[in-house]
Amino acid sequence: MFIVGLTGGIGSGKSAVAAQFRTLGITVVDADIAARKVVEQGSPALAEIASHFGSEVIQADGTLDRAALRERVFDNTAERRWLEQLLHPRIREWIATELAAATSPYAILESPLLFESSQHTMIDRALLVDVPETLQLQRAAARDDNTEAQIKAIMAAQMSRADRQQRADDCIDNSGTLEDLEQAVLDLHNHYLQLASATQTR
């Protein structure tokens, strides 16, 4: 299976691009969904998190309090690494299973941390959805109701725009209209169909 990694910073429009690929019949595996699945109520990972961080990161209904956990690890490198070592292998396994089950000509792995995590080793090609940082701020503020300071903190924690551009094989500039975006996705879709077909005939 030919796999394209889809990534982009907060507010870049990565989800909109993923939705366009889905309308073209392409399987999209979302790393954010994987991250939620592996800590579902009753999962071994959730039990380990509760044991390590204490009951204050578990909500009254027994599910993970993501905001509380984020606060605990955001400025604590050691705790963040502990959490990553627990979750990343489980997330990777869930993603691999979903990608293996894909029946479309190629599949997409949608991941905000494609390059920061080991997930980039699972793909054949990387697609970046890119917008200027001023537009990132505007869109993320409108969508998530976060303050500018919160969004800037998230952006600072992510890989820089320049580094993402350098590592990507393909790039969609999403600072234009929805029609521009749809055309860019369609062009890449046709390109990926050719690449996937060439890979299969090797």
Side-chain angles (χ1 to χ4, degrees), residues 1-10 12-50 63-64 66 69-70 73 80-130 158-159 163-172 174 181-182 184-202:
M1 175 64 71
F2 188 82
I3 298 167
V4 177
L6 170 63
T7 194
I10 184 173
S12 63
K14 176 172 51 64
S15 298
V17 170
Q20 287 298 322
F21 277 108
R22 285 189 181 98
T23 65
L24 294 167
I26 299 304
T27 297
V28 179
V29 178
D30 188 340
D32 282 343
I33 292 175
R36 289 196 292 272
K37 287 282 185 184
V38 300
V39 292
E40 281 183 336
Q41 194 171 359
S43 67
L46 185 61
E48 287 195 49
I49 288 169
T63 58
L64 180 64
R66 294 179 172 279
L69 183 61
R70 224 176 359 251
V73 304
R80 190 167 72 247
R81 283 199 182 130
W82 181 91
L83 188 64
E84 287 170 352
Q85 285 171 357
L86 173 73
L87 297 182
H88 283 184
R90 289 171 166 84
I91 291 169
R92 186 185 177 92
E93 185 180 346
W94 189 93
I95 288 169
T97 301
E98 294 295 305
L99 288 172
T103 55
S104 50
Y106 65 93
I108 285 181
L109 168 55
E110 178 188 355
S111 174
L113 300 175
L114 183 72
F115 298 131
E116 292 92 330
S117 69
S118 63
Q119 290 165 14
H120 65 89
T121 62
M122 305 175 76
I123 65 170
D124 298 291
R125 200 165 178 89
L127 168 60
L128 171 66
V129 186
D130 186 52
Q158 293 180 337
M159 182 177 284
D163 284 345
R164 276 196 297 263
Q165 287 172 334
Q166 193 171 13
R167 294 187 64 171
D169 299 296
D170 304 303
C171 185
I172 288 179
N174 190 23
L181 181 67
E182 288 172 352
V185 170
L186 184 59
D187 290 344
L188 280 170
H189 171 65
N190 290 327
H191 182 47
Y192 294 151
L193 286 174
Q194 291 176 343
L195 290 175
S197 177
T199 303
Q200 287 166 1
T201 55
R202 271 184 212 155

*Look at the rings of Tyr106 and Tyr192 and say which category their plane angle falls in: under 30° parallel, 30 to 60° tilted, over 60° perpendicular.*
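The rings of Tyr106 and Tyr192 stand perpendicular, inter-plane angle above 60°.
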*Ion pair check, Asp170 and Arg125, cut-off under 4.0 Å*: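 A salt bridge links Asp170 with Arg125.
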*asked:* Taking the basic N atoms (NZ, or NE/NH1/NH2) and the acidic carboxylate oxygens, is any pair closer than 4.0 Å for Lys37 and Glu98?
replied: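 Not counted as a salt bridge, because no side-chain N and carboxylate O are separated by less than 4.0 Å.
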Atom pair [atom1] ([X]) and [atom2] ([Y]), whose distance is rounded to the nearest 0.5 Å:
X      : Y      : atom1 : atom2 : value
Cys171 : Leu188 : SG    : CG    : 9.5 Å
Leu99  : Met1   : CG    : CE    : 8.0 Å
His191 : Leu193 : NE2   : CG    : 10.5 Å
Glu40  : Leu64  : CD    : CG    : 11.5 Å
Asp30  : Arg22  : CG    : CZ    : 6.5 Å
Thr97  : Arg92  : OG1   : CZ    : 11.5 Å

For [X] and [Y], work out which heavy atoms get closest and say how close.
X      : Y      : result
Ala45  : Val38  : CB-O, 3.3 Å
Leu46  : Gln41  : CD2-CA, 3.7 Å
Arg66  : Val39  : NH2-CG2, 3.4 Å
Ile91  : Ala34  : CG2-CB, 3.8 Å
Ile26  : Pro105 : CD1-CD, 4.0 Å
Ala168 : Leu128 : CB-CB, 3.6 Å

State, yes or no, whether a side-chain contact exists between [X] and [Y] at a heavy-atom distance under 4.5 Å.
X      : Y      : value
Val4   : Ile123 : no
Val129 : Leu6   : yes
Gln119 : Leu109 : yes
Ile95  : Met122 : yes
Ile108 : Thr27  : no
Asp124 : Thr199 : no
Ile172 : Val17  : yes
His88  : Ser118 : no

So, the side chain of [X] versus the backbone of [Y]: is there a donor-acceptor pair under 3.5 Å, distance only?
X      : Y      : value
Arg164 : Gly8   : no
Asp169 : Ala126 : yes
Ser111 : Ala31  : no

*Could you give me the CA-CA distance, side-chain angles and deciding distance for Leu87 and Ile49, then say whether side chain to side chain contact (heavy atoms under 4.5 Å, CB included) is met?*
CA-CA 10 Å; Leu87 297 182; Ile49 288 169; 4.3 Å; yes
*Could you check Leu186 against Leu24 for side chain to side chain contact (heavy atoms under 4.5 Å, CB included), going step by step and ending with a plain yes or no?*
CA-CA 8 Å; Leu186 184 59; Leu24 294 167; 4.1 Å; yes
*Would the number of heavy atoms belonging to other residues, nucleotides or ligands and lying under 6.0 Å from CD of Glu93 be above 12?*
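Check fails, neighbour count at 12 or below.
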*Check the pair His189 / Gln20 against side chain to side chain contact (heavy atoms under 4.5 Å, CB included), numbers first and verdict last.*
CA-CA 10 Å; His189 171 65; Gln20 287 298 322; over 6 Å; no
*List the steps and the verdict of side chain to side chain contact (heavy atoms under 4.5 Å, CB included) for Glu110 and Phe21.*
CA-CA 11 Å; Glu110 178 188 355; Phe21 277 108; over 6 Å; no
